[in-house]
Amino acid sequence: MSEYNFSAIEKKWQRHWLENKTFKTDSSAEGEKFYCLDMFPYPSGAGLHVGHPEGYTATDILCRYKRMKGFNVLHPMGWDAFGLPAEQYAVETGTHPAITTKKNVDRFREQIRALGFSYDWDREVNTTDPKYYRWTQWIFEQLYKKGLAYVAEVPVNWCPALGTVLANEEVIDGRSERGNHPVIRRPMRQWMLKITEYAERLLKDLDALDWPEGIKEMQRNWIGKSTGALVDFGVLTGGACADEKITVYTTRCDTLFGATYMVLSPEHALVAKWLEDGTLKNADEVKAYQKKAASKSDLERTELNKEKTGVRLDGVVGVNPVNGDKLPIFISDYVLASYGTGAIMAVPAHDERDFDFAKVFNLPIYQVVAPAGKANSEKSDGSANAAPSVDAGAKASDNSELISRVPYTGSEAFTDIATGVMVNSGFLNGLSVEAARPTMIKWLEEKGVGKAKTQYKLRDWLFSRQRYWGEPFPVIHWEDGTQSLVDENDLPLTLPELADYKPTGTGEPPLAKATDWVNVVDPKTGKKGVRETNTMPQWAGSCWYYLRYIDPANDKCFADPGLLKKWLPVDLYVGGAEHAVLHLLYARFWHKVLFDLGYVPTPEPFQRLVNQGMILVLFDLGYVPTPEPFQRLVNQGMILGMAYKTKRGVLVPMDKIEWREGKPWGAEEGGEMEELTEFPAKMSKSLKNVVNPDDVIRDYGADSLRLYEMFMGPLQAVKPWSTKGVEGVFRFLKRANRDDQGRGEEPCRYGQEGWRRPRDDELQHRHLRDDGVCERGGGVREAELANQD
RNA sequence: GCCGGAGUGGUGGAAUGGCAGACGCAGCGGACUUAAAAUCCGCGGCCUGGUAAUCAGGCGUACGGGUUCGAGUCCCGUCUCCGGCACCA
């Protein structure tokens, strides 16, 4: 019988590969090295979904191809197994996260093996294994010793529902990325990593990487470099010159002559000082505003975007260093404490935000930049422009006739820096915006009231979590106020067993309950101390796992330097674009630190990166009562799969649909049959419409699944899942298999008895198949094309 | 608003500047079958004319221009969609 018994074929070979370690990588083997990395999965309780095998299949095909071409291929797999879901599950069910994690890992391993990938299973890593996180802790100690890890009392994103703080990157529109819970700002004691110290290199080194332009651009935006100037403004309190000055950061120092007021962030240190020493006459009003701003979540702050709010500081006045103008000072939450100096000069004529604020508070708006060609005609005094020069500017008081305060009458701020020409700005008049900036900076530096300054949006990385299921910090706080690291030889510092790992709700980590573990006594001096009870975030383990694959069993160091030299950098890294700024930026940061310390031979970890897209799916399971989100999906053009609903918008599961003349018919529960409307749906757990690879493998085999995944379209694109498409591929494999089996006859090779010339239709199929093997598989081919020199 | 990517049949998608629509799905016609399923063969951008079928002509890669012997592909402009960022001074 020539039936395509995929199950027997696949099981046979998978067992063979496993038993013979067919895909074991020998680092000393001949051949040019090729390190091909998949983003390792978080082993969730839901098991693998059809999105996982997509990237894995693409890399797997490439790896097999490379092996056949004689490359020595490193192709490993592992588990990113610390993290919130296992712990949430533990809290809900009382099952220890270690047990849940082991169960999930076992299931994931089994599922991935059933797909027949050519991983070297001897290199499997697990971030929750003490033998692994020993080195995560060790790397943290190197960061600490290099001065890149510190504790700070900082306003953090506190999520009451999760009972932990989150990194800025994990908060989206004021809600937690995981679970979509509200997040508020609250000052807390936290571990921070000085990623800002690497901002410039993280930015610059992007240029040489072979990554999708979009990802690189996202990282550039996240790092957010800007060049501008710090400018010192004088301060008058009660009409007298005060000791203080206000330093502002601006990228538009060319518009300094147009400043009409100043704004401090509500958290600015000077505001607190003035409140304390009684300088402010409207202290109650100011305090009330500070309180309001502090209690606002980020979401509320952004929602209030449209309407600017603020309070004038009564009793203090700023002094513009270029023209001596006295400027009112406000506090407003549109100025962020955490960026620049937390203070700005406001030039409402040439900045949209300042313009909006000035309109609300009825402040003057003066023009200092005009569209090209209009610079002369719009001068209010009609006098010709004197030739501007720095010398003239140096005597600002002498050329005051060139500094006129001309009200700006436009309906919105004029911000065109490409064509703008300076007006009403003394020594800058007639210059382009571009030319005015260095001129102004030079003037500021000569006067000692300012200097050029580069700023980054990137903040230090908030590295601690108030949770149980993560790497403990190898740090002890002693009773005398000192702090020390756990000796490297005593690592790993293992997680204590805990009966109760619920969040405390107060922000104190669950580890504080493990009193035996927390309290330590120095055996030499008898000094008492307590262990750090925060744990590391999930990103820690994934920051360096690609290094451990290279030498996974080493217990002397995280990986042998010689082997690192042989295998780094990763030649191809495939994974979801959702990690564009989180994992990929953090991993690059750690890698650069290790590079600086001489532990890794390359400044960048991942030379080539390909992002797989998302897989959309037919809505074919479950019942969701609200159709609105789906309708929006339609409007957004994500029409790639079909789901079915009645006229009232009630969804009808696929198995309840009757097909009448090619049209879908169904009924609401207890309702009448009617023709249904089809519309698309995105695959998600909450919709209960996730396609399970196990089912696909059971019905069609791993080869069908893999071939279909490659056949759906470009790896990078968002694609629809279609079970019909799998069937098409399955038939194709059946035909191919039957051809090889001699179409219902026993396999028979050329020259053997019984051989006959294949009929034309058989040849056609065979050619078709070979053509398919060579030509198709969009993602692989793209990866491969990118790979051919 | 800013940045990045993409628009090709009913549908998922192919095409170093050189026959647009490979291959799959859905569809239609046929073979096999008592029948159905499965399987196999064939057809298939749109319009017009003709037709059992073959065929002939025209229009076609979001829209408007351009470069070229030749454009889905390159250039300029417009629109739409997707993704990311967004009070960052």
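Throughout, protein chains are lettered first and strands after them, A, B, ... in sequence-line order, and every chain is numbered starting at 1. Note that the coordinates shown come from a computational prediction; the quantities given were computed from them, not determined experimentally.
- Between the C1' atom of B:C3 and the CZ atom of A:Arg220 lies a distance of 11 Å, rounded to the nearest Å.
- Nucleotides B:G13 and B:U67, compared at atom P, are 34 Å apart to the nearest Å.
- Ring pair A:Phe730/A:Phe6 is perpendicular by interplanar angle, where above 60° counts as perpendicular and below 30° as parallel.
- For B:A89, the OP1/OP2 oxygens have no side-chain nitrogen or oxygen of A:Tyr334 closer than 4.0 Å.
- In this structure, A:Lys225 atom NZ and B:C85 atom P are separated by 22 Å, rounded to whole Å.
- Nucleotides B:A37 and B:G27 are separated by 12 Å at their P atoms, to the nearest Å.
- With rounding to whole Å, A:Met440 atom CE is found 16 Å from B:A89 atom C1'.
- Comparing the same atom, C1', in B:C55 and in B:G17 gives a spacing of 32 Å after rounding to whole Å.
- To the nearest angstrom, C1' of B:C85 lies 7 Å from NZ of A:Lys457.
- In this structure B:G27 sits in the anti conformation; its chi angle is more than 90° from 0.
- Nearest-nucleotide assignment on RNA chain B puts the 5′-proximal partner with A:Met218, out of A:Tyr456 and A:Met218.
- Judged purely by distance below 3.5 Å, without hydrogens or angles, the side chains of A:Ser265 and A:Tyr339 never pair a donor atom with an acceptor atom.
- For the pair A:Lys308 and A:Phe357, the cation-pi criterion (under 6.0 Å, within 45° of the ring axis) is not fulfilled.
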### Task
Go through A:Thr260 and A:Tyr408 one step at a time and tell me if the side chain to side chain donor-acceptor pair (under 3.5 Å) criterion holds.
CA-CA 12 Å; A:Thr260 58; A:Tyr408 177 76; over 6 Å; no

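- At the heavy-atom level, A:Ser226 lies under 4.0 Å from the strands shown only through sugar-phosphate atoms.
- Applying the 6.0 Å contact sphere to CD of A:Glu445 captures more than 12 heavy atoms from other residues, nucleotides or ligands.
- The separation of B:G60 from B:A20, taken at their P atoms, amounts to 13 Å, rounded to a whole angstrom.
- Between A:Leu363 and A:Pro328 the shortest side-chain heavy-atom distance falls below 4.5 Å.
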### Query
When Watson-Crick pairs (N1 to N3 and N6-O4 or O6-N4) and G-U wobble pairs (N1-O2 and O6-N3) count only below 3.5 Å on both distances, what is the dot-bracket string of RNA chain B, with | for other-strand pairs?
(((((((..(((.....[....))).(((((.......))))).(((((.....)))))..(((((..]....))))))))))))....

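- Comparing the P positions of B:C69 and B:A53 gives a spacing of 43 Å, expressed to the nearest Å.
- The distance between atom OH of A:Tyr249 and atom C1' of B:A89, rounded to the nearest whole Å, is 8 Å.
- Taking the C1' atoms as reference points, B:U8 lies 15 Å from B:C81, given to the whole Å.
- When the side-chain nitrogen and oxygen atoms of A:Ser332 are compared with OP1 and OP2 of B:C87, none of them lie within a distance under 4.0 Å.
- The aromatic ring centroids of A:Phe361 and A:Tyr261 lie 6.0 Å or more from each other.
- When each of B:C87, B:G84, B:A89 is scored by its nearest atom to the side-chain atoms of A:Thr250, the top-ranked nucleotide is B:A89.
- Between B:G64 and B:G5, the distance separating the two C1' atoms is 23 Å to the nearest Å.
- Residues A:Asp695 and A:Arg698 are paired through a salt bridge, judged by an N-O separation under 4.0 Å between the basic side chain and the carboxylate.
- Whole-Å rounding puts the A:Leu336 CG to B:A89 C1' distance at 9 Å.
- Remark: the separation of the P atoms in B:C25 and B:G42 is 14 Å, to the nearest Å.
- Rounding to whole angstrom units, CD of residue A:Glu217 and P of B:C2 are separated by 14 Å.
- Checked against B:A89, B:G84, B:C87, the side chain of A:Asn221 finds its nearest nucleotide in B:G84.
- One can place NZ of A:Lys216 at 19 Å from P of B:C85, the figure rounded to the nearest angstrom.
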